[in-house]
Asker: 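This is the structure I have questions about; it appears just below.
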Amino acid sequence: MEDQLQLEQRVKELHKLLNEYGHAYYVLDKPLVPDSEYDARMRELIDLEERHPDLIMPDSPTQRVGGEVLPGFTKVVHDTPMLSLSNVFNEEDIREFDRRVRADAGDVTYVCELKIDGLAISLKYENGRFKQGATRGDGTVGEDITTNLRTIRAIPLKLSEDVTIEARGEAYMPKKSFMKLNEHREEEGLDVFANPRNAAAGSLRQLDPKIAAKRNLSVFMYGIGGEGAAYGLDAHSEALDYLDRLGFRTNPERRRCQDIDEVIAYIESWQDRRQDLSYEIDGIVIKVDSFSRQEDLGFTAKSPRWATAYKFPAEEVVTTLLDIELTV
Ligand SMILES: NC(=O)c1cc2c(=O)c3cc(F)ccc3oc2nc1N
């Protein structure tokens with residue numbers, strides 16, 4: 001009979017190891033151990049929990065994929081609305097945005113972020129534990145997709161601090177996973193998804209979490225719901241670094257820009273490089289960095305006045321004659 005105390009000790013140790021390995025692999029994209037080691041430790045924990053179900057904790061790494069298929073999704077009213085971004089399409093628009101911002105808020109600095117082409121999500125944590133995840137919905141009311149979001153390894157089940165916080169970000173399907181999924185669907189005679197955003201949305205709308213778990217989704221978190229100032233943060237760039245420290249995955253390509261010329265240079269630098277990314281982006285988000293400047297600017301009914309999204313020109317899909325002949 002294994003000693004109960006030793007078992008509890010080993011289970012705690014395996015939680016710690018698997019959370020560390022998982023964070024390094026799925027959040028930092030910097031694996032600490034070979035997959036074989038990760039799998040062996042996960043296998044050991046699953047066996048221990050099967051033999052001693054009393055040792056299963058809700059935030060155990062083995063508890064990401066729930067058992068039951070949901071009858072439907074319940075509604076979630078967002079504490080603060082999840083608004084959408086206004087769009088700009090060219091340099092003139094960008095400079096006009098900057099003029100309006102400086103007219104109301106004076107000199108500002110910006111943060112530029114890649115605009116991930118996925119679907120907006122809200123993640124709520126209480127005392128550092130993942131409690132609820134929701135879609136944007138209509139901005140005021142979203143759908144509770146907690147069970148599906150728990151299956152995304154880049155979403156921490158437990159934060160590095162016991163803080164109560166709402167993080168907002170974008171769930172997405174990497175390009176490679178999208179191609180593989182469509183190949184599978186084609187083989188099975190199913191409809192293929194038009195793009196990774198639809199594939200991610202379709203995956204998170206599954207009522208069976210086992211399906212979502214197989215879709216290899218990921219996330220990039222890009223903000224804190226409510227007042228960032230409540231966490232002693234003065235600027236958006238600080239909020240992103242805080243999300244990193246808490247254990248969230250944020251996009252490493254973000255850039256602080258001193259003025260709009262730097263913003264434009266950053267955008268131009270990504271015009272052609274975006275096809276090298278392992279995920280799709282449809283633009284660049286420009287945000288005033290200082291929270292007090294953001295407060296001076298406020299919101300319109302639909303969007304923040306302290307941010308906008310530059311959208312890349314849609315890539316025309318060129319179908320050569322050869323392709324047409326092949327599909328005939
Ligand atoms: N898709 C994105 O990569 C992305 C999207 C948004 C938003 O939709 C968004 C909406 C707001 F009302 C305010 C800030 C935001 O910041 C954002 N930042 C991003 N990086």
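Just follow the structure's listing: the first ligand is 1, and inside any ligand the first atom is 1. All values below were derived from every heavy atom in this structure, side-chain atoms included, with hydrogens, water molecules and symmetry-related copies excluded.
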Asker: Please tabulate, one line per pair, the protein nitrogen or oxygen atoms found under 3.5 angstrom from a nitrogen or oxygen of ligand 1, with distances to 0.1 Å, or say none if there are no such pairs.
Answerer:
from	atom 1	to	atom 2	distance (Å)
ligand 1	1 (N)	Ile116	O	3.1
ligand 1	1 (N)	Glu170	OE1	3.3
ligand 1	3 (O)	Leu114	O	3.3
ligand 1	3 (O)	Ile116	N	2.8
ligand 1	16 (O)	Lys287	NZ	3.1
ligand 1	18 (N)	Lys287	NZ	3.0
ligand 1	20 (N)	Glu113	OE1	2.9

Asker: Going by side chain to side chain donor-acceptor pair (under 3.5 Å), name the residues that satisfy it together with Asp59, two or more places apart in sequence or in a different chain.
Answerer: Arg129

Asker: Are any of the side-chain heavy atoms of Phe291 and Asp234 separated by less than 4.5 Å?
Answerer: no

Asker: Judged by atom type as modelled, is there a donor-acceptor pair below 3.5 Å linking the side chain of Ser303 to the main-chain atoms of Ser84?
Answerer: yes

Asker: Describe, in one word, how the ring planes of Tyr172 and Phe220 are oriented to each other, choosing from parallel (under 30°), tilted (30 to 60°) and perpendicular (over 60°).
Answerer: parallel

Asker: Spell out, as yes or no, whether a donor-acceptor pair under 3.5 Å connects the side chain of Asn148 to the backbone of Leu204.
Answerer: yes

Asker: Looking at the rings of Tyr125 and Phe248, which for Trp means the six-membered one, are their centres under 6.0 Å apart?
Answerer: yes

